[in-house]
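Structure first, commentary second.
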Amino acid sequence: AHYFREALREDPRNAELLERAFVASVQDGSFNEAFRLAERVLQRDPNNALALLTLGVRALRNRQFITARSHFQKAGGRGRNADLSAALLTAWTYVGNGNLKQALETVDRFSEPQLAVYRLFYGGLMADVGNDRREAAKRLKAAYELDVNTVRLADTYARFEARHGKREHAKEIYARLAEKPGNLPFIANVKKIVDEGGTPDPLVQNVAQGAAEVLYTSSDTGGRGRGAELIALIYLQLAHFLHGENDMVLVSLAENFEQLKQYD
C-alpha cells in the first residue's frame, strides 16, 4: 500500500497506479488513505464497484444511511438483479432509517431456495435490531433449523432464546455446539454467561454490526490461493472497520494474513 501511494505521488495522473493504491490501502486497513483514494477513483470511474462499496461503508458507519444506500445500489444494482451482498447492505440502511418493512422486502426479493438461509438469518437480525421480536424469532429459528451445525446461526438463535426467557433451550443449543471440534473457542464466553444464568448480548446490536456480518459472509470466497485471500481481505477489512470487536472477523483476518505469510 505504501509503495503504490508513493508511486502515485510521482505520477498522480496514472489511473492504474491510483486503482492499485486504493485497493492495497483497503486490504491494508489504511482507511483514511483508502477513502481519499476512493473519491479520486470515482472521479475517473463513477461506477467503480469497490470504491462505491468502500464509501458506502464509511457513510453507513457515520449513520448517513441515504448516502450509503445510494452507493450500495450503484455498486450492486437494483431489484432482483442486485448483487446479494449489496442488497443486504442496502437493506441494513433501511433499518437505520427505521423502515424495517422495506428492509425485509429487500431481503425477501431473493426467493431462491438456495438463498433461504441468507434471507432468514439477515432478516431475523434486522427484525431484532428493529425491535420486531415476533418476526425475529420466526426467522432466526427457521435459519437455525436449516443448518443446526453452523456456529453463527446457532449462536445467534441461542442468544435470542436466552434473552427472551428460554434459557434452557439456549443451553441445549450451546451444549450441542460444544460437542463439535473447533467450535468451543467461538462460543465459550457466551456459553458460560448462559450457563451461569446471565443474559448475553445479541450477536448484532446495531446497523453497523449487521453490515459487518454481511461483509464477513462475503469474505468467504470458497477458494484458496493468493487471489482468494486478497479478495477476502477487502471484505474483512471493511467488516473490521464497521465492527472492530467481531471475533470471527479478527480470526479470519489473521488466517488470511497467515496464508499470505504476513505473520506480524
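Keep in mind that this is a model prediction, so the values were computed, not measured.
A donor-acceptor pair under 3.5 Å is formed between the side chain of Asn256 and the backbone N or O of Ser252. Asn206 places a side-chain N or O within 3.5 Å of a backbone atom of Ala208 that can act as its donor or acceptor partner. The main-chain N or O of Leu230 is found under 3.5 Å from a side-chain atom of Gln27 such that the two form a donor-acceptor pair. Ser219 contributes a side-chain N or O that, together with a main-chain N or O of Tyr216, makes up a donor-acceptor pair within less than 3.5 Å. At distances below 3.5 Å, not a single donor-acceptor pair connects side-chain atoms of Tyr157 with backbone N or O atoms of Glu145.
Annotation for Phe160 and Arg133: closest pair CZ-O, 3.6 Å, computed over non-hydrogen atoms. Residues Val249 and Ala239 approach most closely at CG2-CB, 4.0 Å, considering heavy atoms. Looking at every heavy atom in both residues, Gln237 comes nearest to Asp28 through NE2-C, 3.5 Å. For the pair Leu42 and Asn48, the tightest heavy-atom approach, listed with the atom from each and the gap, is CD2-O, 3.9 Å. Taking each heavy atom of Ala143 and Leu153 in turn, the nearest pair found is O-CD1, 3.6 Å. Nearest heavy-atom pair across Arg5 and Ser30 is NH1-CB, 4.0 Å.
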Checklist entry - Does the pair Tyr94 and Lys101 meet the rule for a side-chain contact (heavy atoms from CB on, under 4.5 Å), with working shown? => result CA-CA 8 Å; Tyr94 285 118; Lys101 181 175 182 290; over 6 Å; no

Next on the checklist: Go through it in stages, so that I can follow the logic: the residues are Leu250 and His240, the test is side-chain contact (heavy atoms from CB on, under 4.5 Å), and I'd like the CA-CA distance, side-chain angles, deciding distance and then a yes or no.
Outcome noted: CA-CA 7 Å; Leu250 289 167; His240 185 243; 3.6 Å; yes

Checklist entry - After noting the C-alpha distance and the side-chain angles of Asn97 and Gln102, does the key distance pass the side-chain hydrogen bond (donor to acceptor under 3.5 Å, both in side chains) rule? => result CA-CA 10 Å; Asn97 285 139; Gln102 185 65 50; over 6 Å; no

Item to check | side-chain contact (heavy atoms from CB on, under 4.5 Å) between Val117 and Asp147, intermediate numbers included | outcome: CA-CA 8 Å; Val117 69; Asp147 189 355; 5.5 Å; no

Next on the checklist: As a quick check of understanding, evaluate side-chain contact (heavy atoms from CB on, under 4.5 Å) for Arg40 and Leu8, giving each step before the final call.
Outcome noted: CA-CA 12 Å; Arg40 290 177 59 185; Leu8 185 63; 3.8 Å; yes

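Inter-residue side-chain proximity for Trp92 and Val204 is flagged as met; some heavy-atom pair is nearer than 4.5 Å. In this structure, the side chains of Glu213 and Asn246 come closer than 4.5 Å at one or more pairs of heavy atoms.
The ring of Phe241 has its center closer than 6.0 angstrom to the ring center of Phe35.
No continuous path of ILVMFWY side-chain contacts below 4.5 Å connects Ile193 to Ile173, so the two sit in separate hydrophobic clusters.
Partner of Arg119 under the side chain to side chain contact (heavy atoms under 4.5 Å, CB included) criterion, chosen from Asp108, Leu88, Leu104: Asp108. For the side chain to side chain contact (heavy atoms under 4.5 Å, CB included) test with Thr93, the passing option among Thr106, Asn99, Leu60 is Leu60; the others fail. Evaluated for a side-chain hydrogen bond (donor to acceptor under 3.5 Å, both in side chains) with Thr217, the options Tyr235, Tyr122, Tyr118 yield exactly one hit, Tyr122.
Counting heavy-atom neighbours within 6.0 Å of His2 NE2, excluding the residue itself, gives a total of 12 or less. Other residues, nucleotides and ligands place more than 12 heavy atoms under 6.0 Å from the CZ atom of Arg152. Within 6.0 Å of CZ on Arg36 lie more than 12 heavy atoms contributed by other residues, nucleotides or ligands.
A salt bridge links Arg163 with Asp128; the closest basic N to acidic carboxylate O contact falls under 4.0 Å. With salt bridges taken as basic N to acidic carboxylate O contacts below 4.0 Å, none links Arg109 and Glu105.
Atoms CD and CZ, on Glu19 and Phe4 in that order, are 11.0 Å from each other to the nearest 0.5 Å.
At least one test fails for Arg61 against the ring of Phe31: distance under 6.0 Å to the centre or angle within 45° of the axis.
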